[in-house]
**Student:** 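Below: one structure in structure tokens.
Sequence lines set the chain letters: A, B, ... in the order given, protein chains first and strands last, and positions in each chain run from 1. It should be emphasised that the depicted structure is a prediction, and the values quoted were computed from it without experimental measurement.
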Amino acid sequence: MGFLTYLINGLSLGSVYAIIALGYTMVYGIAKMLNFAHGDVIMIGAYLVFMTMTGSGMPVVVSIVISIICCTALGMLIEKVAYKPLRKATNLAVLITAIGVSYFLQNMALLIFGSNPISFTSVITWQGITLAGGQLKITGVTIITIITCLIIMVALMWFVKNTKPGQAMRAVSEDRDAATLMGINVNGTISLTFAIGSGLAAIAGALLCSSYPVLTPYTGSMPGIKAFTAAVFGGIGSIPGALIGGLLLGIIENLAKAYISSQLADAIVFAVLIIVLLVKPTGILGKQTKEKV
Amino acid sequence: GNSGNSTGSDNVDTSGELVWKIGGIGPVTGGAAQYGQGVENAIQLAVDEINAEGGINGYQIAFNFQDDEADAQKAVNAYNTLKDWGMQILEGTVTSGSCAAVSAETNNDRIFQLTPSASSTSVTEGNDNTFQICFSDPNQGTVSADYIADNNLGTKIGVIYDSSDPYSSGVYQNFALEAQAKGLEIVATESFTQDNKTDFTTQLNKCKSAGADLLFLPFYYQEGSVVLTQADQIGYDPVMFGVDGFDGLLGVENFDVSLAEGVYLLTPFAADATDDATKSFVSSYEEKFGGTPNQFAADAYDGVYILKEAIEAAGLTPDASNEEICDALIAQIQQVNYNGLTGENMTWNDAGEVSKAPKAVIIKDGGYVSAE
Amino acid sequence: MIQRLLRLILENNKTEDLEMLKVENLVVNYGVIQALKGISFEVNEGEVIALIGANGAGKTTTLQTISGMLSPNSGKVLLNDVDITTIPGHKIVSMGMAHVPEGRRVFPGLTVLENLKMGAYTRSNKTEIAKTLEQVYESFPRLKERQNQLAGTLSGGEQQMLAMGRALMSNPKIVLMDEPSMGLSPIYVDEIFKIIQSISDAGTTVLLVEQNAKKALAIADRAYVLETGNVVLSGDAKDLLNDDSIKKAYLGE
Amino acid sequence: MAAMKNLNKSTQKLLTTIGIIIVLYLVVTIMEATGNLSSLMGGLMVPVCAFSLVAVGLNLCVGYLGELSLGHAGFMCVGAFTSAFFSKVFMNTIPDVPRFILAFIIGTAMAALFGFLIAIPVLRLSGDYLAIVTLAFGEIIKNVINTLYVGIDGNGIHFSIKDMLSLGMEPGGQVIVNGAQGVTGTPRQSTFLISVILLIVVLILTYNFVHSRTGRAVQAIRDNQIAAETVGLPITKYKLIAFTLSAAIAGLGGVLFAHNISSLQATTNTFGYNMSIMILVYVVLGGIGNFRGSVIATAVLYLLPELLRGMQNYRMLIYSVVLIVLMLFNWAPGILKWREKHGFTAAAVTQKFGKKKKEVQ
Amino acid sequence: MSLLEVSSLGISFGGLRAVDEFNLNIEKGELYGLIGPNGAGKTTVFNMLTGIYKPTDGKIFLDGKDITGKKTADINKAGIARTFQNIRLFGDQSVLDNVKIGLHNSFEYGTGTGILRLPKYFSVEKEMDKKALEILSVFGLDKEADVLASNLPYGKQRQLEIARALATNPSLLLLDEPAAGMNPNETKDLMNTIALIRKEFGVTILLIEHDMKLVSGICEKLTVLNFGRVLSQGETSTVLNDPEVIKAYLGE
Ligand SMILES: Nc1ncnc2c1ncn2[C@@H]1O[C@H](COP(=O)(O)OP(=O)(O)OP(=O)(O)O)[C@@H](O)[C@H]1O
Ligand SMILES: Nc1ncnc2c1ncn2[C@@H]1O[C@H](COP(=O)(O)OP(=O)(O)OP(=O)(O)O)[C@@H](O)[C@H]1O
Ligand SMILES: [Mg+2]
Ligand SMILES: [Mg+2]
């Protein structure tokens with residue numbers, strides 16, 4: 001029973017990682033950049049939900065929609081101002097700019113919302129299900145998060161495989177110049193990717209803070225790094241990989257806490273990550289792209 | 001939102017008149033910003049009050065607060081900035097790690113230092129010029145264990161602490177020592193880190209399955225609010241015992257205070273206490289900065305008045321050298337007996353530690369009630 | 001915009017000897033290196049124009065500038081009298097230009113079939129696309145054989161075929177080819193020139209960069225000779241084929 | 001000869017860099033002697049040098065080995081903690097100067113050892129996978145140090161990764177590494193002079209390394225690993241050498257840092273991924289593969305928030321904006337073109353421009 | 001004893017048998033051609049010879065030593081150097097340095113010597129420069145010693161790649177389509193260069209090429225691959241007149 005409890009705890013944490021990792025992996029897979037500001041867009045999304053829902057008393061759905069719209073716009077704005085000028089520069093330059101954007105969003109939020117923590121009201125009111133005569137409990141947030149993850153994953157995979165913009169994304173991720181030669185608007189495609197990634201960040205923000213109810217300007221940064229780890233774990237660029245990576249990371253983290261040492265849980269999680277990557281150098285579902293010589 | 005933005009140069013007296021230059025250091029950006037901002041605001045409040053009343057020994061106070069992002073090196077940089085400004089007395093720094101680094105500097109430069117909230121013994125060890133307003137870690141750990149044992153609050157104790165935080169692990173260590181001495185049984189010791197503070201359910205579950213009927217939680221209220229929420233979610237309801245870091249819990253915006261019902265914490269200060277001093281402090285703070293002041297703020301506020309009292313008793317004027325001020329205050333603060341927001345009859349020994357009785361309070365009906 | 005489109009349509013309806021592509025005084029620098037020093041030429045509708053020249057003469061640079069992958073320092077590119085110098089590359093493609101780039105640039109992680117479909121990105125009529133696909137497979141049976149292989153694992157020659165096929169998938173009005181015969185076996189070199197000829201016969205205009213000058217000149221209508229960023233010679237392809245200096249410099253005779 | 005001229009050009013660059021550092025050192029020293037140096041500036045000199053060293057180390061890894069490391073703060077951390085530990089243990093038994101020298105040797109060697117051990121598995125990976133594994137190592141080091149307790153008493157040294165109690169020390173024993181509370185009371189021996197000398201020496205040695213047979217091999221591996229193999233270069237060996245060297249330099253920076261501050265904790269900001277990323281920012285802003293740039297960028301970006309202290313609450317916001325603008329100014333192809341046109345080009349800029357197509361990540 | 005002896009070499013990619021039952025013998029000093037239609041498996045053979053792919057079957061002997069499945073770097077040390085169909089230079093380094101990297105294993109000094117610039121560093125570097133320029137001058141590239149390799153035009157990049165391969169002092173040099181992207185005149189120069197390096201450096205050469213002028217002009221023997229199998233093997237003139245070869249590869 002203990003094991004199952006810990007497993008479920010892991011699942012619920014992992015589902016939050018997974019939903020963030022989906023956004024990471026999407027942007028990485030197509031724009032080939034690590035958007036370190038992703039976690040901070042999540043934070044902004046969560047504040048927006050909080051302000052509209054708890055602050056102005058709007059219905060949950062409305063406030064999430066508002067948050068999605070605002071985050072999408074924010075994502076596109078960031079992309080245009082800070083990333084687009086560096087399209088032809090090395091990926092590393094964009095990575096650094098993303099870090100600058102991350103600082104900017106954090107400090108902006110600090111000025112606007114202040115440093116005091118806010119206790120976030122869960123957007124999910126459903127209590128969840130109880131199994132084994134009350135011994136096991138899966139919270140509503142967990143179930144909804146996992147379902148949302150699955151829906152997003154399937155939708156993204158379908159989108160990328162079957163739509164024109166999705167096709168364009170695949171081409172852009174392979175070779176931008178060649179994509180241009182196919183008549184694909186590379187800038188537009190990358191902007192669209194950011195728009196989708198940022199929209200997902202809004203959803204992730206609402207669900208993250210529903211599971212972990214404290215909101216500060218720095219709420220997004222650590223889960224952001226963890227989700228990045230999860231995305232790599234699952235094979236960065238791979239959409240189902242992000243889901244699996246997120247869930248596994250959450251489960252390993254909780255089992256390590258439960259059975260080995262809660263002090264060294266971070267170290268254990270990272271050690272497992274390293275071992276997995278040594279065995280499978282491109283992550284669990286990552287494509288092995290061996291160069292043809 | 002809140003923002004203590006009237007720092008530094010605003011207050012420097014440009015007319016060339018002599019002023020007291022008091023500096024402050026703490027995190028106002030970064031993950032610990034809430035603690036630093038509380039301190040900055042509260043000092044500002046006290047300084048404004050004192051200046052309005054004519055200052056200390058007839059001299060106005062200029063106050064300059066510098067950000068250290070809770071980073072020791074940045075704190076030293078902040079300290080040097082203040083030194084260039086001409087700081088005579090330092091009220092800071094907020095966090096222990098930074099404070100230990102800065103104390104070494106102030107000790108070397110002979111500048112008197114009074115920290116509102118850095119509770120580690122490493123802050124005062126070997127630095128005769130540094131004094132604490134808050135309880136020290138050993139003090140809190142010991143008092144907590146004693147209190148739990150004496151009042152039979154629990155027999156099987158679970159501990160969750162922040163192993164990446166000097167304050168939290170410091171209190172835990174001393175608690176564990178004293179618990180051993182008092183024959184308390186610690187059945188589970190769990191921890192988390194700053195990088196891993198999203199989810200406490202596993203730690204809570206472990207304590208639960210170890211049969212802990214009391215949880216000792218020596219960390220800050222931000223994580224505290226999460227622990228309480230998640231304990232409620234898994235249906236675990238032991239006696240919760242926090243230390244002074246838990247103060248502020250009820251001030252978390254939108255927090256469901258019913259979750260905090262029955263939580264014990266050690267605090268010298270309660271924002272909703274009914275005495276006049278607290279009431280006036282809280283209302284002016286809220287008016288000026290918005291948000292409820294926490295214990296950090298209260299300690300910092302007291303600090304300014306303690307300095308005032310000591311300076312007045314020593315009969316100092318701002319034209320004295322830093323060293324003179326420092327020496328005089330070291331001697332004088334040990335004579336002070338101060339009644340403030342955070343304690344009655346506060347006195348200091350030559351190790352720099354405060355003696356004030358930590359008050360255990362219990363949260364009842366969304367407010368603090370003395371646990372005695 | 002509408003005017004432009006109208007003009008485009010009008011122009012397209014005319015037939016004989018129409019200037020389809022015009023390059024005026026093109027100058028392109030890479031940092032301090034001047035790769036093109038002000039070249040001008042034109043391509044009429046339906047023609048096959050060969051661009052020949054030694055290594056580093058600037059042939060690739062010319063093609064890349066025309067298709068919008070590079071922006072020139074000065075000069076103009078006109079497509080059907082529309083100034084496309086500053087139009088982004090992807091829009092030029094939808095105006096009917098295709099480019100078989102140097103180095104093939106296939107999408108290595110996509111299959112052969114996906115690569116070909118990507119070539120038809122600007123088109124939407126599914127049946128038409130399927131028809132073109134059949135034609136491409138007819139020209140390059142090897143591609144059909146390998147349609148589910150990842151393009152990155154194809155042999156050099158196979159990739160070259162894929163690059164050609166992919167460009168044709170957009171059903172272009174004008175196609176720029178950068179050394180399409182490179183790396184192909186002799187039998188296939190002949191084949192590829194036949195294919196170019198048939199593309200041309202079908203009414204597509206071709207701008208061809210080739211090292212195999214003999215074969216290129218044989219199927220071209222006219223040709224331009226580039227030397228270190230300048231056009232040094234131009235004229236009827238058959239005349240150039242017999243020109244002594246050309247023979248000596250580019251035909252290896 | 002052309003080749004010689006080329007060599008001379010980069011040698012010249014090294015010499016001017018050293019010249020600038022020496023001049024700055026003299027200026028600062030004179031200002032200090034005449035009482036014109038602010039305490040803030042005075043206090044910033046050693047940390048700037050320490051972080052410059054780490055940045056140079058990381059640049060060796062990113063710019064020459066071509067691998068992205070997000071864990072260099074971890075090596076700095078190893079250097080800092082091992083040397084601080086050593087200095088504290090032998091505070092009263094070894095005289096200052098030899099102890100300090102030994103501290104440098106031990107800190108650097110330990111960082112190198114960790115670099116070496118980490119490199120063995122890490123170098124099998126590439127790109128972002130390598131980056132995440134280095135990040136993971138950095139985090140593991142930080143996490144372990146945070147739970148590490150080391151004490152010394154009559155019976156010798158005691159270790160624990162649980163808590164102080166488990167050390168089981170005699171009364172009167174001294175706890176040296178106290179978990180999250182870190183190490184306090186390290187002797188403060190780093191001076192600006194020592195820092196400057198170290199920085200110059202490291203710059204010369206890295207320059208020599210890069211222009212040596214091994215350095216060339218490392219760059220060849222970066223540019224094209226398969227080709228490097230076919231000309232007979234032992235890939236793993238050279239990757240190991242470069243990574244270990246890079247870690248050692250970061251460790252050296254750590255030693256310098258640790259002996260400049262009396263309180264050392266391993267937090268996310270000081271020795272965690274945040275710091276690793278910050279150092280990466282220095283490296284990229286200064287120019288990948290450009291050691292002088294690393295030093296300049298470190299100085300500018302480290303000093304900037306300190307100089308912005310007057311902006312109060314807007315300080316970090318302005319800092320982030322400046323960072324973004326600087327990045328665009330230095331890297332955006334469009335802006336580089338504009339700068340070229342309007343004569344805003346330093347020699348370094350054209351060099352970067354030429355390399356713009358190179359993707360290091 | 002032949003310099004290179006390959007017997008029953010084979011490799012599969014998934015279901016695809018890219019090379020099968022491949023045999024080859026090359027004598028010291030020969031100039032040998034490997035030709036065949038696109039996708040026949042020529043480059044794959046090179047990749048197996050140089051250890052980039054591990055063959056699933058068969059054996060490779062160089063100078064009597066079994067090198068099957070050895071690491072690429074060790075195979076180079078054993079004496080095989082190559083160029084690539086898609087050029088692989090060290091693009092961010094100068095032309096001179098590219099060749100000096102090729103000389104890496106012929107000139108020794110330790111990492112420490114390099115970092116500390118001990119006297120040996122200077123003497124060895126000087127020798128390396130001299131040797132590298134010597135090799136470059138064979139290709140007329142010595143004037144461009146300073147240029148970044150990636151800024152060279154295509155044809156010169158191909159030559160530099162050959163120069164770099166030669167610098168490793170191989171006994172067998174593999175060239176994968178050295179004339180690709182060259183015009184007939186440049187190809188003619190290349191033919192001369194190849195003949196020259198065979199003489200100057202005493203190497204045996206195995207080359208893949210689709211340019212029949214070059215193949216018939218300089219190759220002494222040929223092997224024709226088709227669908228991964230040997231279609232024809234022998235003297236150049238005989239092979240080129242083999243009707244099977246004409247049908248599969250040359251065309252009329
Ligand atoms: N990215 C670049 N950076 C710097 N110089 C370049 C770059 N690309 C090309 N060049 C230079 O520009 C000139 C023209 O190059 P281009 O590739 O257009 O020649 P080409 O005629 O296509 O030659 P080839 O037959 O070898 O393909 C050459 O001198 C080349 O070195
Ligand atoms: N890594 C791989 N995975 C799958 N198939 C491969 C791989 N490498 C080569 N092939 C296939 O093996 C066959 C032989 O390829 P190879 O590159 O050896 O041909 P080649 O004879 O060099 O042709 P070309 O003259 O066109 O360069 C091709 O059909 C190719 O698609
Ligand atoms: Mg070209
Ligand atoms: Mg081939």
**Student:** Can you say whether A:A265 sits under 4.5 Å from chain D via the side chain, the backbone, both, or neither, judging by heavy atoms?
**Tutor:**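 Contact with chain D: backbone only.
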
**Student:** For D:S246 and D:H72, run side chain to side chain donor-acceptor pair (under 3.5 Å): C-alpha distance rounded to whole Å, both residues' side-chain angles, the deciding distance at 0.1 Å, then the answer.
**Tutor:** CA-CA 9 Å; D:S246 161; D:H72 261 56; 2.6 Å; yes

**Student:** Sort by residue number and list every residue of residues 265-276 of chain D having at least one heavy atom under 4.5 Å from chain A.
**Tutor:**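 Within residues 265-276 of chain D, near chain A: D:Y273.
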
**Student:** Relative to chain D, which segment of A:L278 carries a heavy atom at a distance below 4.5 Å: side chain, backbone, both, or neither?
**Tutor:**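 Interface part for A:L278: both.
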
**Student:** Non-hydrogen contacts under 4.5 angstrom with chain D: give the residues of residues 219-245 of chain A involved, or none if there are none.
**Tutor:**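 Within residues 219-245 of chain A, the residues that come under 4.5 Å of chain D (heavy atoms only) are A:S221, A:M222, A:I225, A:F228, A:T229, A:V232, A:G235, A:I236.
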
**Student:** Give a yes or no on whether the backbone of D:V325 and the side-chain of D:N330 come within a donor-acceptor separation of less than 3.5 Å.
**Tutor:**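 Looks like no, no N/O pair under 3.5 Å.
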
**Student:** Tell me which of these, A:L264, A:I268, A:T97, A:V269, has more heavy-atom pairs under 4.5 Å with chain D than the rest.
**Tutor:**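 Answer, by heavy-atom pair count under 4.5 Å with chain D: A:L264.
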
**Student:** Determine whether D:L130 and D:L68 make a side-chain contact, defined as any pair of heavy atoms from C-beta on separated by less than 4.5 Å.
**Tutor:**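 A side-chain contact is absent here, since even the closest heavy-atom pair is not under 4.5 Å.
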
**Student:** Anything under 30° is parallel, anything over 60° is perpendicular, the rest tilted; go ahead and classify A:Y6 against A:Y259.
**Tutor:**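 Because their plane-to-plane angle is over 60°, the rings of A:Y6 and A:Y259 count as perpendicular.
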
**Student:** Under the 3.5 angstrom rule, does the side chain of A:T180 hit a backbone N or O of A:R176 as a donor-acceptor pair?
**Tutor:**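 Checking the backbone N and O of A:R176 against the side chain of A:T180, a donor-acceptor pair under 3.5 Å is found.
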
**Student:** Under 4.5 Å heavy-atom distance to chain D, tell me which part of A:V81 shows up: side chain, backbone, both or neither.
**Tutor:**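 When you check distances to chain D, only backbone atoms of A:V81 fall under 4.5 Å.
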
**Student:** Identify which of D:L326, D:V144, D:L125, D:L323 forms the greatest number of heavy-atom pairs closer than 4.5 Å to chain A.
**Tutor:**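 Between D:L326, D:V144, D:L125, D:L323, the count favours D:L125.
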
**Student:** Looking at D:A55, is its backbone amide N or carbonyl O close enough to the side chain of D:N59 to form a donor-acceptor pair, meaning the two atoms are under 3.5 Å apart?
**Tutor:**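 No: the side chain of D:N59 does not pair with the backbone of D:A55.
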
**Student:** Using modelled atom types only, decide if a donor and an acceptor are shared between the side chain of A:T189 and the backbone of A:M169 within a distance under 3.5 Å.
**Tutor:**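 Checked: no pair found.
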
**Student:** Atom CD1 in A:I99, atom CZ in A:F36: separation rounded to 0.5 Å?
**Tutor:**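 Between A:I99 CD1 and A:F36 CZ, I get 6.0 Å after rounding to 0.5 Å.
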
**Student:** Quick one: which of A:D266, A:I274, A:L105 has the most heavy-atom pairs under 4.5 Å with chain D, could you say?
**Tutor:**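 Highest number of pairs under 4.5 Å: A:I274.
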
**Student:** Whether the side chain of D:W331 engages the backbone of A:K88 through a donor-acceptor N/O pair (distance < 3.5 Å, no angle test) should be reported.
**Tutor:**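 Not a single qualifying donor-acceptor pair exists.
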
**Student:** With a 3.5 Å distance limit and no angle check, can you tell me whether D:R124 reaches the backbone of A:P281 through a side-chain donor-acceptor pair?
**Tutor:**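 Judged by distance alone, no pair lies under 3.5 Å.
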
**Student:** I'd like to know if the side chain of A:K32 reaches the main chain of A:G29, judged simply by a donor and an acceptor atom lying under 3.5 Å from each other, with no hydrogens or angles considered.
**Tutor:**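 Yes, because the side chain of A:K32 sits within donor-acceptor range (under 3.5 Å) of the backbone of A:G29.
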
**Student:** Supply the atom-to-atom distance D:Y149 OH to D:F159 CZ, rounded to the nearest 0.5 angstrom.
**Tutor:**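 Rounded to the nearest 0.5 Å, the OH-CZ separation comes to 14.5 Å.
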
